[in-house]
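Okay, structure first, notes after.
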Amino acid sequence: MSGDYHLLKSKKGILGYKKVGHGNQVLLAFHGFGQDHTAFDPIVRELEKRFIIYSFDLFFHGGSEWHGNEPISKQEWATIISQFVNQENLSKFSLLGFSLGAKFALVILEAFEGAVESIYFISPDGIKRNIWYNLATRFPGRWFFKSLIKRPKRFHGILSLAQQLKLVDDSVIRFARSQMETERQRGKVYNSWVMFSKLQVSLPHIASIMKNQSIQTVLIVGTRDKLITAKDMKKLIAMNNQIKLEVVEAGHTNVIAKSAEVVKKIK
């Protein structure tokens with residue numbers, strides 16, 4: 001995919017992003033865990049005539065780095081995006097977020113009221129609170145979670161127990177194992193969970209922003225996705241019946257590709 005890659009330097013990190021497209025609208029895109037800015041290439045191909053697309057690398061992914069010792073706060077993230085918006089001279093833009101990336105987009109929606117035109121979320125994280133996530137990112141759970149980086153047998157033992165007790169769907173177990181195979185992967189999981197733990201928004205607040213500002217909002221989920229489901233979207237949709245829910249035949253790993261046709265048709 002052609003385009004220019006840029007690095008935005010801030011006090012606590014470096015934010016990498018690729019700029020592609022030549023449309024008259026602007027789209028900011030944020031990928032999921034373990035990916036980079038190329039994750040949206042199937043969608044970019046469909047939208048590059050309509051949008052100028054800035055596809056970001058999340059911190060700890062691709063060319064982006066976070067140098068802070070504490071979790072990134074919503075204000076810090078908003079300040080970085082404000083720096084980016086001023087640098088690119090943007091006044092209006094739309095948001096695209098997949099899974100973990102939706103959390104970053106939600107904070108932008110909250111911080112830049114009046115600037116967001118449309119929202120496209122694919123299997124979005126941050127809509128439904130996850131009890132396991134809350135336990136893992138708070139003390140003493142954070143200490144135990146970090147210990148799993150060096151002691152993977154403990155992690156796999158927990159997964160096996162959860163599988164035996166049928167606490168978690170088998171597909172979720174397989175996904176978790178695939179993301180924790182190497183020490184580097186486990187470190188990325190820890191950083192992504194703990195260092196992004198403060199990027200949480202109030203669901204009623206963002207629902208009211210979407211509704212009061214008539215922001216076109218489309219949520220896309222996969223029929224076989226056990227990590228983030230259509231059921232998880234119900235609470236937000238109940239707060240704002242203008243939100244459109246699209247369901248595609250896909251699991252969590254291939255839902256972006258399957259969403260390209262849906263996004264293409266949205267006006």
Query raised in the report: Between H6 and F56, does the ring centre distance come in under 6.0 Å?
Result: no
Query raised in the report: Looking at the rings of F60 and W66, which for Trp means the six-membered one, are their centres under 6.0 Å apart?
Result: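 No; W66 has its ring centre 6.0 Å or more from that of F60.
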Is [X] reaching over with its side chain to a backbone N or O of [Y], donor-acceptor style, under 3.5 angstrom?
X	Y	result
E261	K258	no
S94	S118	yes
S99	G32	no

Requested in this report: Taking all heavy atoms of L28 and all of V26, pick out the closest pair and write down the distance.
Outcome: CD2-CG1, 4.0 Å
Query raised in the report: Between K74 and E110, is the closest basic N to carboxylate O distance under 4.0 Å?
Result: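 Here E110 pairs with K74 in a salt bridge, since their nearest N and O are under 4.0 Å apart.
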Query raised in the report: Does a salt bridge link K198 with E76, judged by any charged N lying under 4.0 Å from a carboxylate O?
Result: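 Judged by the 4.0 Å cut-off on N to carboxylate O distance, K198 and E76 do not form a salt bridge.
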Query - Neighbour count above 12 (heavy atom, 6.0 Å) for N69 CG - result: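 Counting neighbours around CG of N69, 12 or fewer heavy atoms of other residues, nucleotides or ligands fall under 6.0 Å, so no.
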Query raised in the report: Can H37 and D57 be counted as having a side-chain donor-acceptor contact under 3.5 angstrom?
Result: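 A donor-acceptor contact under 3.5 Å links the two side chains.
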**Report entry** Residues E246 and Y120: side-chain donor-acceptor under 3.5 angstrom
**Finding:**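 No - no donor-acceptor pair under 3.5 Å links their side chains.
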Requested in this report: May I have the step-by-step check of side chain to side chain contact (heavy atoms under 4.5 Å, CB included) for L219 and T217, ending in yes or no?
Outcome: CA-CA 7 Å; L219 307 178; T217 303; 4.3 Å; yes
Query raised in the report: Is there a path of hydrophobic side-chain contacts, each under 4.5 Å between heavy atoms of I, L, V, M, F, W or Y residues, that connects Y54 with Y5?
Result: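 Each belongs to a different hydrophobic cluster.
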